[in-house]
Each structure stands twice: as structure tokens, then as C-alpha cells.
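Let me begin by presenting the structure, written as C-alpha cells, before commenting on it.
Scope of the values below: all heavy atoms of this structure, side chains included, with no hydrogens, waters or symmetry mates.
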Amino acid sequence: MDGGGLSIALLGPLEVRLDGAPVLLTTSRLRALLAVLAVFAGDSVTVERLALALWGEELPANARRSVQTYVTRLRRAIGRAVIRTTPDGYVLDVDPGRVDVLRFRALVAEAGRARGTAEERELVEEARRLWRGQPFEGIDSDWLRATVSPSLQELHLSTVERRVDLGLAEGRHGELVAELLGLAAGHPLRESLWGRLLVVLKASGRQAEALTLYERLRRRLADELGTDPSAELRRIHACLLRPGPRQAGVAVFTGVVEPCAGGCLISGKVEGQVEGQVEGQVEGEGEGKGRGKGEGEGERRFLAFVWSSA
């Protein structure tokens, strides 16, 4: 290919570089023309498709001549040899790895083949870093937004969700909260994304916030779609209603209260289990309060009750 020095970034504001130097495309139709050719780099794009991407349904009187004019102008900007003419259209000859849309798709496919391996996470992270905003920012083309952008957005969200799953499996839930909050706000009806947000919030100790967001989503689904949350979201909600894990070092009594037969004070150092000495029987006010032998600095005292078996 002759376009080895050309790189094109479309997953965010358009960035075009030729041998490392930025290329400025001055009109919206030049940007749209390059974007369409780049999305299909290596394949022929028909004149009809290019015309539709540039003008929509309001085609100029001589669409073929108008497309040729813009192709000529684009060749002046990025090099004549990069755009090759075919019997029915034009081909952008550029390494697919230098077009971020194509690189992103290739990384996601490779990550799918590496699923369950250490390599998968690296590939998913590399794919994520290619996204700098919304696809085709600054490019005025209804055709791109309606035809190409939706599938890219879906692939991006699926990749984000897979990255969240990998992060949860590794216990890295804290770093995912901000990203998921932003994505969920931008996709208010995507239940798979919201479900992961709720799980991450619970894992981060933000259970009350997760419950509030679930209720907000439930109302939105009812108002806008007339549906209830999915079975998976309802399962997650049920998990949110359960008490969270106890704080370390806090004991919770779960036994049955029976008549107390007596008690004693125990002192000693705690190293996995209590080892100390019984100081005295606790029978009433003022009894068993003496300091036992050997109780020194750093030791702790415990009150133990013996329950009647009657």
C-alpha cells in the first residue's frame, strides 16, 4: 500500500496525519469523503455511496462529477497515490492498522478469540484507549451517523461491559465507577450497562446509591417503554437489598438468648485466638473485678457468658 505515512482517527474529533504532520481538511464534505473511504479502507466505495454520504438525499445535478471534484481535492491534501480509482468508485490504500475504526474492530475480534486468557485484558484495554469521544465528531454526514456509527457504538459498549466484567473479577471495582456513571447517563435504557453499574457500586460500598439508581431506572423503563426491569436486573436488585459484608472486627450475635448461668473475665493477647486466664466468676455487682496475674501491657480483657443448657 502507498498510504504507509497516513493515519486517520475517527473515534472522536477527526485527526489526520501524513508522515507525522497534521493535515487540515477545510470543508465538511472533504472530511466526510475521507471518513467514508477510511471506514472501508482497502475496499472499493461506489460513487453512489460517496454521494449519499456527502449530500444525503439532496444530490447535486451531476453527482458523479461532484464526487470526482472532491476526490481530486482530497488527493491534493493526502497524496494522489493514496486514493485509487476503480471501475465503480474509489479505494483508500492505507494500512488498516492506521485507521482507528479498523484497528478497534480488529482488537475486539482478537480479544474475543483470546477470551479467558491474560492477553484478553490487554487487548480490551488497547481497544478502549482508541476512543476519544463520539465517532465522527466534526464530520457532517447523516449517512455515517445512521449507517456506521450505531454498530460502532454497540461494539464499544459491549467492549466496555466486558472490561467491567474483567475488572470485577480482579477486584478493581473502584476505578470503574466514574466511567460507568458517565456511560449509563448517556445510555439511560441500556439495562446490561446499568446492571454492571449497580454491581460495581455495591462492591464499592455504595449500596444506597445503587438502590436509588435502580429505582430511577425502573421508573424510566415504565414511563418510556412500559416495561419492567429485566430478570437479571431484578436479581441484582434483590442482591442489593441484602445486608452488605460485616466490617472486619465487628462481632454479631446470632444465637438464642437463654438464662445466663454465669460469666467470667478473660485477659490475654489476641493472636488468632484468645489465650489468657480466667480472672473470676461474674456473679453480681462488684464481683470478679480483680486484676489477674500476668495481665500486662498490650493485653485485652473480654467478658464471656456461659448460657444455661436447660
Side-chain angles (χ1 to χ4, degrees), residues 8-13 35-36 38-41 43 96-137 139 143-204 210 213-214 216-218 220-221 224-225 227-237 239:
I8 304 164
L10 301 165
L11 299 176
V36 177
V39 166
F40 297 99
D43 294 326
R98 299 182 68 86
V99 178
D100 62 353
V101 168
L102 304 183
R103 177 65 177 158
F104 172 74
R105 288 173 173 163
L107 286 168
V108 172
E110 192 175 352
R113 292 189 291 270
R115 195 175 181 90
T117 69
E119 185 185 8
E120 181 189 6
R121 174 171 171 74
E122 297 177 6
L123 293 166
V124 168
E125 285 290 347
E126 185 178 351
R128 180 191 66 84
R129 287 193 294 270
L130 292 174
W131 282 74
R132 301 169 292 111
Q134 295 300 311
F136 312 118
E137 285 185 31
I139 299 173
W143 185 86
L144 280 171
R145 284 191 290 270
T147 306
V148 182
S149 186
S151 61
L152 278 174
Q153 293 276 16
E154 176 61 31
L155 191 59
H156 175 233
L157 290 173
S158 298
T159 304
V160 169
E161 290 171 350
R162 180 57 185 163
R163 177 173 167 266
V164 170
D165 294 341
L166 292 171
L168 282 170
E170 296 170 1
R172 297 181 298 102
H173 43 266
E175 66 189 59
L176 300 169
V177 173
E179 180 182 9
L180 281 174
L181 283 170
L183 287 169
H187 302 274
L189 298 176
R190 187 179 178 89
E191 293 185 68
S192 56
L193 191 62
W194 279 83
R196 287 169 171 84
L197 171 60
L198 299 179
V199 170
V200 167
L201 285 172
K202 178 178 171 62
S204 302
L213 289 177
Y214 174 85
R216 185 183 304 170
L217 175 62
R218 186 193 66 77
R220 185 187 292 271
L221 289 170
E224 298 188 20
L225 301 180
T227 62
D228 293 323
S230 65
E232 178 62 15
L233 268 180
R234 294 197 302 271
R235 184 193 66 78
I236 293 172
H237 179 245
C239 292

Subject >> Arg234 side chain to Pro229 backbone, donor-acceptor under 3.5 Å >> reply: yes

Original post:
Can you list the residues that meet the ring-ring contact (aromatic ring centres under 6.0 Å, His included) rule with Phe136, with sequence neighbours excluded?
Top reply: none

Original post:
Hey, is the main chain of Ala114 close enough, under 3.5 Å, to the side chain of Thr117 for a donor-acceptor pair?
Top reply: yes

Subject >> Any residue meeting side chain to side chain contact (heavy atoms under 4.5 Å, CB included) with Ser151, in chain and number order, not counting sequence neighbours >> reply: Arg105

**OP:** Just do the side chain to side chain contact (heavy atoms under 4.5 Å, CB included) check on Val124 and Val160 with the steps written out, would you?
**Re:** CA-CA 8 Å; Val124 168; Val160 169; over 6 Å; no

Original post:
In terms of side-chain geometry, is the basic nitrogen of Arg128 or Glu125 positioned less than 4.0 Å from the acidic oxygen of its partner?
Top reply: yes

Original post:
Do the side chains of Val199 and Ile236 get nearer than 4.5 Å, heavy atoms only?
Top reply: yes

Subject >> Verdict with reasoning, Glu110 to Arg113, per salt bridge (Lys or Arg N to Asp or Glu O under 4.0 Å) >> reply: CA-CA 5 Å; Glu110 192 175 352; Arg113 292 189 291 270; 5.1 Å; no

Original post:
Heavy-atom distance under 4.5 Å between the side chains of Leu130 and Val101, does that happen here?
Top reply: no

**OP:** Could you check Leu10 against Leu152 for side chain to side chain contact (heavy atoms under 4.5 Å, CB included), going step by step and ending with a plain yes or no?
**Re:** CA-CA 11 Å; Leu10 301 165; Leu152 278 174; over 6 Å; no

Original post:
Should the pair Glu161-Arg190 be classified as a salt bridge under the 4.0 Å nitrogen-to-oxygen rule?
Top reply: yes

Original post:
With no hydrogens and no angle check, is any side-chain donor or acceptor of Glu126 less than 3.5 Å from a backbone partner on Leu107?
Top reply: no

Subject >> Leu166 vs Arg163, side chain to side chain contact (heavy atoms under 4.5 Å, CB included): CA-CA, chis, key distance, verdict >> reply: CA-CA 5 Å; Leu166 292 171; Arg163 177 173 167 266; 5.5 Å; no

Subject >> Neighbour count above 12 (heavy atom, 6.0 Å) for Arg145 CZ >> reply: yes

Original post:
Is the backbone of Gly167 close enough, under 3.5 Å, to the side chain of Glu170 for a donor and an acceptor to pair up by distance?
Top reply: no

**OP:** Flag the pair Gln153 / Gln134 as yes when at least one side-chain heavy-atom distance between them is below 4.5 Å, and no otherwise.
**Re:** yes

**OP:** Take Glu224 and Leu189 through the test side chain to side chain contact (heavy atoms under 4.5 Å, CB included) and record every step on the way to the result.
**Re:** CA-CA 9 Å; Glu224 298 188 20; Leu189 298 176; 3.7 Å; yes

Subject >> Residues Arg162, Glu120: salt bridge by 4.0 Å N-O rule >> reply: yes

Original post:
Would you call Arg196-Asp165 a salt bridge at under 4.0 Å N-O?
Top reply: yes

Original post:
Are Tyr214 and Trp194 close enough that their ring centres sit under 6.0 Å apart?
Top reply: no

**OP:** Measure the shortest side-chain to side-chain distance between Asp100 and Ile8 over non-hydrogen atoms and say whether it is less than 4.5 angstrom.
**Re:** no

